[in-house]
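The next block holds one structure in the form of structure tokens; read it before the comments.
Side chains included, hydrogens not; waters and symmetry mates left out as well; all remaining heavy atoms used. In what follows, every chain begins at residue 1, and chains take the letters A, B, ... in the order their sequences are listed.
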Amino acid sequence: MNLFDYVRPASVAEAIAAASEPGAAYLAAGTNLLDLMKGGMSRPMRLVDLSRLPGLDRIDHLPDGSVRIGALVRNADLAHDAAFARSYPAIAEALLSGASPQLRNAATVGGNLLQRTRCAYFYDVASACNKRQPGAGCDARGGENRLHAVLGWSEACIATHPSDFCVPLVALDAVVEIEGSSGRREMALEALHRLPGDTPHRESALAPGDLIVALRLPSEARAFAPHARYLKLRERTSYAFALVSAAAAFHIEDGAIGAARLALGGVAAKPWRARAAEAVLAGARPGDEVFRRAAEAALADARPSGDNAFKIELARRVVRRALALAAAGTPARVPALPASPFSSAPGAIHGV
Amino acid sequence: MNFSISLTVNGVRREVGLDDPRVTLLDLLRERLHLTGTKKGCDRGQCGACTVLVDGRRINACLALALSQDGAEVLTIEGVARGDQLHPVQAAFIAHDGFQCGFCTPGQIMSAIGLIGEGQAGGDPERVREGMSGNLCRCGAYAGITEAVIEAQEKLAAPARRRSA
């Protein structure tokens with residue numbers, strides 16, 4: 001780990017001023033950043049420790065029915081907030097399917113949004129990586145790339161965004177509140193993460209010094225609560241990143257789908273909203289035939305970036321299963337194995 | 001640059017001077033306070049051997065910057081027994097053979113204490129296994145660990161039930 005200057009600001013304004021210098025990075029829990037620094041993937045000159053900033057650790061259920069989540073709320077605290085989990089069950093399930101209990105106890109909401117890819121070539125400083133070192137090339141192309149992107153990738157980068165949390169958030173139109181040197185602004189979470197194009201090192205729409213202070217979910221998002229699920233395929237049942245995941249949510253009115261929301265994880269450099277699939281579902285009666293067509297629509301633009309053509313068919317099947325689970329209704333309690341296909345098969349017993 | 005932080009470790013308040021901002025909570029415990037019960041396995045948040053409670057919550061000490069923990073209450077494996085009387089989770093690990101080599105055990109026990117405190121798993125083996133999934137055991141003592149956590153959870157819940165009855 002490189003040596004750095006450590007600053008602990010007392011206010012958001014002080015934090016932004018301290019982080020506006022080149023080479024500065026914000027530190028929240030550090031569950032991703034310290035790991036990256038230990039491996040030399042990130043080498044910030046200055047850490048601006050946000051952990052003492054007042055007022056950023058609250059979950060406010062607002063009178064208009066929306067919820068505002070401070071950027072320093074811990075992943076576990078959000079998932080276990082009873083009012084939040086009732087209103088946004090697919091988000092709670094996604095949070096609980098990610099990382100380990102220890103990491104969820106520490107990791108923050110803002111940090112989760114900005115976590116870096118787990119591409120093995122990004123993590124290996126001896127490998128060429130355009131994200132780590134612009135212009136260096138990409139050893140993932142032609143390398144071990146069965147886990148890599150099938151949507152939105154470029155010749156420069158085929159990495160995926162690893163967050164589970166972001167997948168239902170983007171499906172439910174979450175908004176991020178940002179403070180920066182030019183004041184406060186907000187943007188759709190869907191616009192926060194960038195596709196790689198020719199500049200994979202530019203991962204978000206944030207400018208230097210910009211600080212995510214809160215995340216908001218609109219009141220309309222609560223109406224999906226009775227039919228909202230997150231499903232995550234991974235190479236082991238617990239404590240693993242998604243191969244492919246999907247968040248699916250419906251309004252069902254008089255037996256037909258009034259509105260549908262669908263987003264995929266593990267397939268692209270950003271949480272992937274599947275609007276074409278939503279359009280296929282709207283107005284239809286829920287059933288496997290329309291779910292199949294929605295899955296086709298969701299993956300219509302997918303193409304392999306290496307040895308990962310299987311992820312396209314896997315993603316179609318995950319979408320179909322997630323849609324079927326959402327149609328069946330949100331369970332009263334997050335399953336013992338959150339977002340796992342093993343716990344979603346009726347009567348299935350896993351690990352015995 | 002020199003820094004000074006104040007921590008309460010196993011009930012004892014400690015003022016610790018740091019000459020380097022890179023020190024993690026794990027390295028502070030092991031190398032500065034000589035509390036070597038907390039183990040360094042992967043040092044990257046993947047194995048759980050460094051699990052401690054900070055302000056009552058289980059976290060990976062290897063991914064926590066010591067400077068960020070200024071003012072925190074830390075509980076490590078050295079602080080869970082009362083004299084010669086083992087913590088119920090420690091006793092249950094012995095009773096159920098919840099270890100072989102023992103390297104992961106301090107982290108397993110701290111994680112189990114955290115899990116029981118969180119109150120989400122109860123006596124459901126599937127929820128206990130999922131709740132302990134952040135702690136790897138290369139000896140594969142998982143069956144005993146699960147039994148130990150369930151038994152300790154029952155023992156710790158029993159006095160609470162009596163009080164509420």
When M132(B), Q46(B), R22(B) are compared by non-hydrogen pairs under 4.5 Å with chain A, the top option: R22(B)
Does any backbone or side-chain atom of [X] lie under 4.5 Å from a heavy atom of chain A? Answer side chain, backbone, both or neither.
{"X": "D20(B)", "value": "side chain"}
{"X": "Y142(B)", "value": "neither"}
{"X": "E118(B)", "value": "side chain"}

When A76(A), A99(A), G39(A), A106(A) are compared by non-hydrogen pairs under 4.5 Å with chain B, the top option: G39(A)
Contact leader toward chain B among S100(A), A29(A), P101(A), P338(A), where contacts are heavy-atom pairs under 4.5 Å: P101(A)
Side-chain touch P162(A)/F241(A), heavy atoms, less than 4.5 angstrom: yes
4.5 Å side-chain heavy-atom contact, F93(B) and L86(B): no
Parallel, tilted or perpendicular: rings of F3(B) and Y6(A) (30°, 60°): perpendicular
Exercise: identify the closest heavy-atom pair between T38(B) and C50(B): CG2-O, 3.5 Å
Part of L27(A) lying under 4.5 Å from any heavy atom of chain B: side chain
Residue part contacting chain B, namely of D49(A), when any heavy atom lies under 4.5 Å: side chain
Side-chain (R52(A)) to main-chain (S68(B)) donor-acceptor, under 3.5 angstrom: yes
